[in-house]
Amino acid sequence: MGDGAHASDTEMYGGTVAAFAEPESMLLPGHDVPLGRYTTVRRLLPQRQRRMVGAWCFVDHFGPDDVSGRPGMQVPPHPHTGLQTVTWLVEGEIVHRDSLGSHQPIVPGQLNLMTSGHGIAHSEQSPPNHPPGMHGLQLWVALPDGARGGEPRFEHHPTLPVLQDDAATVTVVVGELAGERSPAQVHTPLVGAEVVLADAAQQSVPLDPTFEYAVLSMAGEVEVAGVRLASGSLLYLGEGRTSVSLDSAAPARLFLLGGEPFDDPLVMWWNFVARSHEEIAQAREDWTSGRRFGSVAACEHDPLPAPALPNVRLKARDRHGTTVG
Ligand code: MN
């Protein structure tokens, strides 16, 4: 907590800030986690101090890695429930296959959005002749009650709205920012946007004070709301801001995450987002028994077995990390 910018922010916002909690900020470095057999990712959410940003409940940043002569990303078929997966690449290529029959390569600048609803299975693989570099994000969005039991769906968006000026190129990947709206289907008010800053840029990005936000640096060091943010780290910005300042001395690539605070307590375990231990146990049982999630055709890898459930009961946690029930 405490970014040194609280006082000036409060003055800048004048009376408008009074309806909201004072904007906070919290710097969250990631930690390395293996993904599949060949890839290591930096996990930025969930963390003990901060579990969610809006409905964003899972943030992995991978690369930049040199994967020339190596398999690249090889994630065998696995199930999801209760969430959307967002895949965003800066370098490389990944082929998505799922149990709806989708077979979709993705390259930088495009969006793959998979909505699990009640259940879906997918695999993600670098193709045999992949580019030498790999760099990107894998994000999850928690689905609200009205959507989490729905039908699975897959969307590929080859083009997305872009806001461009001399200092910055902003791609609205999901949700809405500064009047531009992504065509991707979302179920809660949120935004995910890539911000590429030119050399020595000073930029102000308009924000919705009813949203909470975080900024991830994918490359380069940037001063965000007065806090120095290193590549691979996430800065949580809280609620109540009407803009965020970005100040870079060199080119940088950021990803802005935001959304209306998500109030439902969640149980997140393996690849499942649910509301209770029983729902998680049922999802695990359904995957193990070959029910609900379907199968992924034309993937040469065997499906991932679910790990054993822990001996303790899984507890729901709210967005502050407090256990419920
Ligand atoms: Mn997945």
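For the single chain, residues carry numbers from 1 onward in sequence order. Side-chain atoms are counted along with the backbone in the values below, which use heavy atoms only and exclude waters and symmetry mates.
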Decide whether [X] and [Y] are clustered together by the hydrophobic rule: side chain heavy atoms of Ile, Leu, Val, Met, Phe, Trp, Tyr closer than 4.5 Å, transitively.
X: Trp140; Y: Met73; answer: no
X: Val33; Y: Met218; answer: no
X: Phe58; Y: Leu143; answer: no
X: Leu177; Y: Leu235; answer: yes
X: Tyr213; Y: Leu163; answer: yes

Are [X] and [Y] packed together at the side-chain level, in the sense that at least one heavy-atom pair is separated by less than 4.5 angstrom?
X: Leu28; Y: Gln49; answer: yes
X: Val162; Y: Val170; answer: no
X: Phe262; Y: Thr188; answer: yes
X: Pro77; Y: His122; answer: no

Task: For Gln185, side-chain contact (heavy atoms from CB on, under 4.5 Å) partners two or more places apart - done: Arg153, Glu155, His187
[X] and [Y]: which non-hydrogen atoms are nearest, and at how many Å?
X: Pro161; Y: Pro183; result: CD-CD, 3.9 Å
X: Val227; Y: Ser25; result: CG2-OG, 4.1 Å
X: Ile120; Y: Met114; result: CG2-CE, 3.5 Å
X: Leu257; Y: Val53; result: O-CG1, 3.6 Å
X: Arg284; Y: Ala308; result: NH2-CA, 3.8 Å
X: Ser123; Y: Pro76; result: CB-C, 4.0 Å

Between [X] (side chain) and [Y] (backbone), is there a donor-acceptor pair under 3.5 Å?
X: Thr115; Y: Gly117; value: no
X: His277; Y: Leu314; value: yes
X: Arg97; Y: Ala298; value: yes
X: Arg228; Y: Val224; value: no
X: Ser116; Y: Gly119; value: no
X: Thr40; Y: Pro34; value: no

TODO: Give a yes or no on whether the ring-centroid distance for His96 and His103 is below 6.0 angstrom.
DONE: no
TODO: Indicate, with yes or no, if the rings of Trp270 and His78 have centres closer together than 6.0 Å.
DONE: no
Is [Y] paired with [X] through a side-chain N to carboxylate O contact shorter than 4.0 Å?
X: Arg313; Y: Glu278; value: yes
X: Arg42; Y: Asp60; value: no
X: Arg43; Y: Asp32; value: no
X: Arg319; Y: Glu212; value: yes

Within this structure, what is the [atom1]-[atom2] distance for the pair [X] and [Y], rounded to the nearest 0.5 Å?
X: Thr169; Y: Arg253; atom1: OG1; atom2: CZ; result: 9.0 Å
X: Glu221; Y: Leu229; atom1: CD; atom2: CG; result: 8.0 Å
X: Asp98; Y: Glu124; atom1: CG; atom2: CD; result: 10.0 Å
X: Ile94; Y: Gln110; atom1: CD1; atom2: CD; result: 11.5 Å
X: Leu111; Y: Thr87; atom1: CG; atom2: OG1; result: 8.0 Å
X: Thr85; Y: His80; atom1: OG1; atom2: NE2; result: 5.5 Å

TODO: Just do the salt bridge (Lys or Arg N to Asp or Glu O under 4.0 Å) check on Asp318 and Arg51 with the steps written out, would you?
DONE: CA-CA 8 Å; Asp318 69 15; Arg51 300 193 62 77; over 6 Å; no
Evaluate whether atom [atom1] of [X] has more than 12 neighbouring non-hydrogen atoms of other residues, nucleotides or ligands under 6.0 angstrom away.
X: Asp165; atom1: CG; value: yes
X: Glu151; atom1: CD; value: no
X: Glu285; atom1: CD; value: yes

Open item on the list: Could you walk me through whether Trp56 and Val86 satisfy the side chain to side chain contact (heavy atoms under 4.5 Å, CB included) test, starting with their C-alpha distance in whole Å, then the side-chain angles of each, then the deciding distance to 0.1 Å, before giving a yes or no?
Closed with: CA-CA 10 Å; Trp56 299 100; Val86 170; 4.0 Å; yes
TODO: Report the relative orientation of the aromatic rings in Trp287 and Phe293; use parallel for angles under 30°, tilted for 30 to 60°, perpendicular for over 60°.
DONE: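 Because their plane-to-plane angle is over 60°, the rings of Trp287 and Phe293 count as perpendicular.
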Open item on the list: On the six-membered ring of Tyr236, is Arg50 placed so that its NZ or CZ lies under 6.0 angstrom from the centre and within 45° of the ring axis?
Closed with: yes
